[in-house]
Structure formats: C-alpha cells, structure tokens
Amino acid sequence: MVVNSDRQLKALVTGAAREGGIGEAIVARLRQAGMEVVTLDIEPGCTFQVDVVNDQLPVLDDIDVLICNAALTTMFGSAHSMKLDRWQRDIDVNLTGTFRVVQACLGGMRGRQFGRIVVISSTAAVHGLPAQVSYSTTKAGLLGMMRTIAAENVSIGITCNAVLPGMTASSGMLGMPEGVKDAWLETMPMGDFVAPVDIAEAVAFLASIAAGRITGQQLTVDGGHSLNTLSVTGTAARPSAPAARD
C-alpha cells in the first residue's frame with residue numbers, strides 16, 4: 001500500500017508521562033515530524049491513563065504508528081535471589097503489557113495495510129545487566145516478539161523494529177546516586193550519556209514513511225558503549241585519552 005502523503009499519521013507513544021524521559025522526547029519528535037500523537041501511561045498526564053497489564057485498553061484501531069516505550073526499569077535482583085513476584089511484575093508489564101497494546105493496534109494496521117511499530121528494548125537485552133535479571137530477560141523477549149510481528153506482517157506494509165538505548169540521561173538515570181552515575185559515566189567512550197533526544201531521532205526514522213523497507217531490525221543507540229575500545233597497546237579510546245591520529 002502506498003500511503004497518501006497528505007494524510008496525517010496518528011501515533012501512539014506508551015510510557016510517555018515521565019518528565020524528562022525517553023517517551024516525552026519521542027512525543028515531541030513525532031509531533032515535529034507532523035504526526036498526530038496520543039499518549040498512554042499508568043501515570044496521569046497522558047491521553048489515556050491505563051494500566052497495560054490489568055485495565056481494558058481503549059480502542060486503538062486508528063493508530064498508524066505505535067511506539068512501545070512503557071516498561072519497568074527498577075525491578076532489581078540477581079538470578080540467585082530475585083523474588084518470583086518481582087520477576088513476574090517485569091514480565092507482566094514489559095512483555096505482556098507491550099503485547100496487549102501491539103495486538104490492540106494491529107487489527108487496524110492490517111486493515112489499512114500500513115503500520116509502523118517501534119519497540120523500545122535495551123542494550124541489556126543483548127549484553128545482560130547484573131542485578132536486573134528480569135529486566136534484561138523481558139527486553140530480550142521484546143526482540144523475539146518484534147521479529148515475529150515483522151515476519152507476520154512484512155507483506156502487507158507493516159514494519160516492526162526495535163531501538164536499543166544504552167545508558168540514557170533520562171530522569172530515572174539522573175536520579176541515581178552520584179557515585180553510580182560517575183561509575184557509569186567513566187565507561188562511556190564519548191564522555192557523556194545518551195540523551196533522550198538521541199533515542200527519539202532513531203525512533204522517528206524507523207516510524208517514518210521513508211523506512212518502509214526496514215523491518216525486523218534492532219538499532220542500538222548507546223554512544224559506542226558496546227564497542228570494545230581497549231586496544232592491544234592497553235589504552236582506551238576515551239575523551240581523556242583520544243586515539244592517536246596519523
């Protein structure tokens with residue numbers, strides 16, 4: 001299906017209530033791109049105040065662009081000690097809640113034979129994250145969900161992709177103790193954290209008409225954090241020790 005370029009796309013961003021968060025940045029960027037944007041969160045301040053696990057979802061069959069950003073990020077626990085109720089809460093919100101919203105939007109997308117779905121996963125999905133076993137597991141599960149949805153809908157104009165943020169200077173990260181932030185910052189090869197707007201730019205591209213041939217892919221936005229920056233000479237490519245130039 002070729003979408004009429006004069007038609008305004010309608011987007012839904014979940015997890016958009018937190019001030020200074022990734023969701024807020026995505027909303028602003030999609031509106032800048034000319035989309036009509038509605039929002040959904042368990043917290044007040046959005047178009048729909050809904051618990052994606054337990055509440056009845058609103059009718060979402062008019063959504064063209066879905067950004068699945070709602071997730072818990074604070075269920076801490078190691079594999080040997082995590083309580084099953086905390087594990088289950090992450091599964092319920094990050095996986096099942098996301099799936100419920102996707103399913104609510106897919107019918108309309110399939111009927112129009114057009115849609116863009118972008119799932120916000122995490123670099124923890126591919127690298128793990130000590131002390132957050134349930135979070136890492138759910139974010140990895142989203143990648144399997146994303147690829148399956150992409151495969152099931154590839155022939156009818158619906159794409160599904162994932163953005164994997166690294167350590168991002170969102171309100172949650174900035175609220176951590178200074179010692180924790182400093183330790184993470186020391187590992188960032190560009191010398192600073194990823195900004196929410198960096199994530200929003202990646203999302204906006206994958207949500208655009210121009211990205212119609214990209215589906216089933218994961219795009220990492222981590223400022224090079226997942227790169228091996230330690231060389232055989234024993235020096236690292238960090239802001240305080242820039243790599244030598246020829």
Side-chain angles (χ1 to χ4, degrees), residues 1-17 22-23 25-42 46-53 55-71 92-121 125 138-139 141-164 199-219:
M1 174 183 180
V2 178
V3 176
N4 185 340
S5 60
D6 295 329
R7 176 175 169 270
Q8 185 182 36
L9 297 179
K10 186 172 184 179
L12 169 64
V13 181
T14 69
I22 291 173
I26 293 171
V27 169
R29 182 63 182 85
L30 295 185
R31 285 177 175 158
Q32 182 185 0
M35 296 185 192
E36 175 190 356
V37 183
V38 295
T39 55
L40 184 153
D41 203 299
I42 195 171
C46 287
T47 312
F48 306 109
Q49 186 176 354
V50 174
D51 178 349
V52 296
V53 178
D55 291 347
Q56 181 174 340
L57 297 176
V59 176
L60 299 174
D61 57 5
D62 61 343
I63 298 300
D64 302 298
V65 174
L66 171 61
I67 314 301
C68 299
N69 177 63
D92 289 344
V93 175
N94 297 1
L95 271 179
T96 304
T98 297
F99 177 69
R100 289 187 71 213
V101 178
V102 169
Q103 194 173 54
C105 295
L106 263 177
M109 291 180 180
R110 288 176 63 86
R112 291 185 298 276
Q113 296 192 354
F114 175 82
R116 297 283 184 270
I117 300 171
V118 183
V119 175
I120 306 301
S121 179
T138 58
K139 290 298 185 177
L142 289 177
L143 298 182
M145 183 191 303
M146 173 271 292
R147 292 193 182 94
T148 301
I149 293 166
E152 290 177 347
N153 295 279
V154 66
S155 64
I156 55 173
I158 300 170
T159 68
C160 189
N161 295 285
V163 171
L164 281 60
I199 308 303
E201 289 292 345
V203 169
F205 170 65
L206 292 173
S208 69
I209 299 295
R213 298 294 181 180
I214 302 172
T215 192
Q217 304 302 309
Q218 58 190 59
L219 176 57

State, yes or no, whether a side-chain contact exists between Phe48 and Leu57 at a heavy-atom distance under 4.5 Å. no
Is there side-chain contact between Ile42 and Val93, with heavy atoms separated by less than 4.5 Å? no
Give, for atom CG of Asp61 and atom CG of Leu106, the distance between the pair rounded to the nearest 0.5 Å. 11.5 Å
Distance check, rounded to the nearest 0.5 Å: Leu164 atom CG versus Ile199 atom CD1? 9.0 Å
Could you tell me which residues satisfy side-chain contact (heavy atoms from CB on, under 4.5 Å) with Ala16, sequence neighbours excluded, listed by chain and number? Val13, Val27, Thr39, Cys46
Closest non-hydrogen atom pair, Ile63 against Arg112: O-NH2, 2.8 Å
Using the side-chain contact (heavy atoms from CB on, under 4.5 Å) definition, which of the options Val102, Val52, Leu12 pairs with Cys68? Val102
Per the salt bridge (Lys or Arg N to Asp or Glu O under 4.0 Å) rule, what does the pair list look like for residues 199-218, sequence neighbours excluded? Arg29-Glu201
For the CG atom of Leu40 and the CD1 atom of Ile67, what is their distance to the nearest 0.5 Å? 13.0 Å
Provide the full list of side-chain hydrogen bond (donor to acceptor under 3.5 Å, both in side chains) pairs with a residue in residues 143-152, sequence neighbours left out, each pair given once. Arg147-Gln218
For residues Ile158 and Phe114, report the shortest heavy-atom separation together with the two atoms involved. CG1-C, 3.8 Å
Mind listing the closest non-hydrogen atom pair of Val118 and Ala207 along with its distance? CG2-N, 4.3 Å
Nearest heavy-atom neighbours spanning Ala200 and Ala25: CB-O, 3.5 Å
Ala71: which residues meet the side-chain contact (heavy atoms from CB on, under 4.5 Å) condition with it, sequence neighbours left out? Asn94, Lys139
Taking the side chain as everything from C-beta on, heavy atoms only, tell me whether Ile26 gets closer than 4.5 Å to Val37. no
Could you pull out all residues at least two apart from Val154 that satisfy side-chain contact (heavy atoms from CB on, under 4.5 Å)? Thr215
The side-chain contact (heavy atoms from CB on, under 4.5 Å) partners of Gln217 (sequence neighbours excluded) come to Asn161, Ile214
Side chain Thr14, main chain Asn69, donor-acceptor under 3.5 Å: yes
Rounded to the nearest 0.5 Å, the CG atom of Leu206 sits from the CZ atom of Arg116 at a distance of 9.5 Å
Hey, could you give me the CE/NZ distance between Met35 and Lys10, rounded to the nearest 0.5 Å? 13.5 Å
For Cys160 and Ala150, the nearest pair of non-hydrogen atoms, with its separation, is O-CB, 3.7 Å
Is the CZ atom of Phe99 crowded by more than 12 outside heavy atoms at less than 6.0 Å? no
Taking all non-hydrogen atoms of both residues, which atom of Leu30 and which atom of Ala204 are closest, and how far apart? CD2-CA, 4.0 Å
Here the gap from Leu66 atom CG to Met109 atom CE, rounded to the nearest 0.5 Å, amounts to 5.5 Å
